[in-house]
Amino acid sequence: MLTPAELLEFLNVRGGCEHRVTALLRAGHGKKASVRELGEYRLTARGEQVQATGPSGQTRDLTHDEFHAVFGSYVFTPAQATGVMTDLGPLFG
């Protein structure tokens, strides 16, 4: 599982390439601990912005601070590339 900081770093290294993750919310401790799936997100880092498309299909552009504010309490499944390239800049940088 990835923390929001780990996911943001992963996305920044692969800027322009869309990745799919499932957001998870941990609740409780010990035997009563549970993990709830919140849905699939498609994320793309583009410079200082992260483009996030949620389970509803709504897309938002978030700064890194906004990303942490929105997703700070979640953990994520390992990111999987969707094959969608939104920015060819990394290929020529």
Side-chain angles (χ1 to χ4, degrees):
M1 290 199 230
L2 298 168
T3 66
E6 291 169 334
L7 178 57
L8 189 55
E9 184 174 331
F10 176 89
L11 293 170
N12 281 331
V13 171
R14 293 157 183 85
C17 182
E18 182 183 79
H19 287 79
R20 175 179 49 240
V21 295
T22 300
L24 308 169
L25 183 61
R26 292 182 179 171
H29 297 287
K31 291 182 180 181
K32 294 187 178 189
S34 65
V35 176
R36 192 173 94 212
E37 282 191 18
L38 300 176
E40 181 179 281
Y41 288 82
R42 293 178 182 267
L43 305 167
T44 306
R46 302 176 78 191
E48 295 299 315
Q49 298 283 317
V50 177
Q51 186 178 62
T53 303
S56 68
Q58 181 181 5
T59 300
R60 290 181 57 195
D61 287 326
L62 305 168
T63 66
H64 291 188
D65 288 339
E66 290 170 334
F67 180 85
H68 285 293
V70 171
F71 295 108
S73 61
Y74 302 157
V75 292
F76 300 91
T77 58
Q80 299 175 352
T82 63
V84 175
M85 292 292 292
T86 60
D87 182 5
L88 298 179
L91 296 175
F92 302 104

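Basis for what follows: all heavy atoms, side chains included, without hydrogens, waters or symmetry-related copies.
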Inset, instruction - Can you sort out the partners of T59 under side chain to side chain donor-acceptor pair (under 3.5 Å), two or more places apart, ordered by chain and number? - result: T53
Legend entry - For F67, the rest of its hydrophobic cluster, which grows through side-chain links under 4.5 angstrom: L2, L7, L8, F10, L11, V21, L25, L38, Y41, L43, V50, L62, V70, F71, Y74, F76
Which residues pass the side-chain contact (heavy atoms from CB on, under 4.5 Å) test with [X], not counting sequence neighbours?
X: R20; answer: E40, R42, Q80, T82
X: A69; answer: none
X: E48; answer: H64

Inset, instruction - Can you establish whether the number of heavy atoms outside E9 located under 6.0 Å from its atom CD is more than 12? - result: no
Inset, instruction - Mind jotting down which residue pairs meet the salt bridge (charged side-chain N to carboxylate O under 4.0 Å, His left out) criterion with at least one end in residues 59-80? Sequence neighbours excluded, please. - result: none
Legend entry - Nearest-0.5 Å distance that lies between atom OG1 in T63 and atom CD in Q49: 6.5 Å
Inset, instruction - Work out which heavy atom in A81 is nearest to a heavy atom in C17; give both atom names and the distance. - result: CB-SG, 4.2 Å
Legend entry - Selection residues 23-37 - residue pairs positive for side-chain hydrogen bond (donor to acceptor under 3.5 Å, both in side chains), sequence neighbours left out: none
